[in-house]
Amino acid sequence: MSASNGMFSPEIFQDLQARVDRDVKVREELKDITQELEKNVRVVSFALSKAHSTPVSELSSVLEAAEKPIQKVVESVGKLSASASPLPYYKFNDMWSRKMQDATYGVLLWAWLGGKNEAGDTTNGRLLTIDEVGSILNVPVNLKDEDKFHLTIEEYLQAIISLVEELSRLARNSVTLGDYARPLLISKFVKDLLAGFQVLNLKNDNLRRRSDGLKYRVKDVEDVVYDLALRNLIPKPT
Amino acid sequence: MAESTKESAPSPYAAMFEGFRKDLDEHHDRRDKIAKASKDITASSKKMQVGLLMCKSLSPKDEKAKNQHYEAIANQYKSIKSDLEALNTFRYANNITGGNQEFVEAISFEHYLRTQLLITYADASARISKMGDAGGFAELSPEDYMLGILDLTGELMKYAIGGIARDHKLPAGEPSKYTRRVKAASKQQTEHEAMDIDREAHASAYSWPTPGPDGRVRNILDDLRQLRLQLEMFEAPRDTRFASDFEKKMIVMRESVEKVEKSAYSLKVRGSERPKGQLDMGEDRSVAVESY
């Protein structure tokens, strides 16, 4: 370094530029994968959105139609996981966090509607745990020490909020389809989840802002149940 | 809310959410702790800068005052060391960036006053690592370094204008120390390692630069211009938080350089028409800087 000619050698800034450019390149490479994931997630949503206009008795065809797209999502997540695992997780996770949320949401909705579990059984109205989502997407969850790709609890919780939003819509549409029992199932489910969120000490962040809206979604569903009860439309338990 | 007894039954997901609460609480506590440390580092770094602005060259008394702040900063870095490791190295980057930038500003200013050189990224990074008592800790990002150096231009501006008021000339190197300068040149590469060891020897080993081929010693305005030129060449990645911070600081940086240029101009034009004694506002100036 010829310091006597100046305050510094220009190499300092060339080196910094190279470092910054390296990160830009990493991001560009990841972008292709996350865009593919985003596209595949959209196909799942598209397939499952038919549930709003399909009676429960015919739902199995909707669920089956969603299985292939979900498989595609799992493949994309696998690619992402392989590319991202060697990188510092929190340096780049802003690139995929939203997409992982949406992928998780797709899987949660599918399972809630009655998608088959590992044993091949179908159960209406079940919530997949974060571990179950992890095993479907084939990624580790909630890592605390190991620095590699995983599903975070924040992403899982965000997906639950999306699920509640979708179900509040489904409650109304079930009634339109003449299904007066499902709103009750949904009502209990979203209330249990709201109770769960009330246990959390959320700070001023995204999760807090979105979870603040949960009580309105729960109220939407309660209004549907109220309308049905008022008109004596709620099926008597047999 | 609770309309019937059925609703008050515990949620089947209660246990699951309890687990999440524990994890989220830990995360929030860590985040708060790091943000607080960052604020304290910022405050101590600012105090260090104010102290540095006051001195013409680093006297033992200034060293002592500066070391106090240094120690406070080191303690803060130590206290969050374990929170910024492994998986969490980058997790709280947004929470620590303020402290890192301010600290880079402080140490680069100190380094400049000592050597009239810009501290390198490697040296700045090594100093922060050292504070955590371990290598590799709290990696200083190139972005934080760049933003800290942009802030340095503001300090140099204040220092230059203070120097003009005090000495009626731009702070610049002292050719008389030429010999010491040559002696120091070989030590330069290992400079960061000498940081905490033997400060006195360190300080005397460095001196102001030698005259260039044209026989003129570069002054602080030359340095600011060189810095500006390089910073203008730098390309921040588009659409990032760094890019927007960078752009904002670039505007301030340009203003700083121009303020010094204007002062140098005034010095030349108005300085020539008045006796020196009349311009002497050294006292006033130092008070103004102190209260800043």
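Letters A, B, ... are given to chains in the order of the sequence lines, protein chains preceding strands, and every chain is numbered from 1.
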Contacting region of A:N93 [heavy-atom separation from chain B under 4.5 Å]: neither
Region of B:F20 in contact with chain A, defined by heavy-atom distances below 4.5 Å: both
So, the part of A:Q17 with a heavy atom under 4.5 Å from chain B: the answer is both
Give the ring-plane orientation class for A:F8 versus A:F13, where under 30° counts as parallel, over 60° as perpendicular and anything between as tilted. perpendicular
For A:D147 and A:Y90, test the side chains for any donor-to-acceptor distance below 3.5 angstrom and give the result as yes or no. no
Considering only heavy atoms, which portion of B:E143 lies under 4.5 Å from any heavy atom of chain A: side chain, backbone, both, or neither? side chain
Under 3.5 Å side-chain donor-acceptor pair for A:E222 and A:S187: no
Salt bridge check, A:E28 against A:K25: does any charged N sit closer than 4.0 Å to a carboxylate O? no
Which one, B:L87, B:D23, B:D223, B:L24, leads in non-hydrogen pairs under 4.5 Å with chain A? B:L87
Hey, is B:D32 close enough to B:K36 for a salt bridge, meaning N to O under 4.0 Å? no
Do A:R169 and A:E165 sit within salt-bridge range, that is, some charged N less than 4.0 Å from a carboxylate O? no
Engaged part of B:D25 at the chain A interface, taking heavy atoms whose separation is under 4.5 Å: side chain
Relative to chain B, which segment of A:I160 carries a heavy atom at a distance below 4.5 Å: side chain, backbone, both, or neither? side chain
For the pair A:R231 and A:D227, find out whether any cationic side-chain nitrogen is under 4.0 Å from an anionic carboxylate oxygen. yes
Whatever's closer than 4.5 Å to a heavy atom in chain A on B:M146 counts as side chain
Checking heavy atoms, do the side chain of B:Y145, its backbone, both or neither come under 4.5 Å from chain A? side chain
I'd like to know if B:D29 pairs up with B:K33 as an ion pair, taking the criterion as any Lys NZ or Arg NE/NH1/NH2 lying under 4.0 Å from an Asp or Glu carboxylate oxygen. no
Do the side chains of B:E85 and B:K81 get close enough for a salt bridge, i.e. N-O under 4.0 angstrom? yes
From OG1 (B:T97) to CG (B:N95), nearest 0.5 Å: 9.5 Å
Heavy-atom contact with chain B under 4.5 Å, split by part of A:F197: both
Cut-off 4.5 Å, heavy atoms of chain B, and the answer for A:K144 is both
Side chain to side chain donor-acceptor pair (under 3.5 Å) assessment of A:Q158 paired with A:N206: CA-CA 9 Å; A:Q158 291 278 8; A:N206 272 336; 5.7 Å; no
With respect to chain B, which residue among A:G196, A:A195, A:P10 yields the maximal number of heavy-atom pairs within a distance under 4.5 Å? A:G196
Give the member of B:R31, B:Q230, B:H27 that has the highest number of heavy-atom pairs under 4.5 Å with chain A. B:Q230
So, the part of B:A14 with a heavy atom under 4.5 Å from chain A: the answer is neither
Selection from A:D94, A:D21, A:D145 maximising heavy-atom pairs under 4.5 Å formed with chain B: A:D145
Say you draw a straight line from OG of B:S108 to CD1 of B:I119; how long is it, rounded to the nearest 0.5 Å? 7.0 Å
What residues of residues 236-247 of chain B make heavy-atom contacts with chain A at a cutoff under 4.5 angstrom? B:P237
Does any heavy atom of chain B fall under 4.5 Å from the side chain of A:Q14, the backbone, both, or neither of them? neither
Is the shortest distance from a Lys or Arg side-chain nitrogen in A:E36 or A:K39 to a carboxylate oxygen in the other one below 4.0 Å? no
Close side-chain approach of A:L167 and A:V221, heavy atoms under 4.5 Å: no
Working note: A:W112 + A:Y105, criterion ring pair (Phe, Tyr, Trp, His ring centres under 6.0 Å); need CA distance, chi angles, decisive distance, verdict. CA-CA 10 Å; A:W112 190 92; A:Y105 155 69; over 10 Å; no
Is it the side chain or the backbone of B:L229 that comes within 4.5 Å of chain A heavy atoms, both, or neither? neither
Select, from A:D23, A:L157, A:I153, A:V24, the one with the greatest count of heavy-atom pairs under 4.5 Å involving chain B. A:I153
Between A:T129, A:L202, A:I130, A:L127, which shows the greatest number of heavy-atom pairs under 4.5 Å with chain B? A:L127
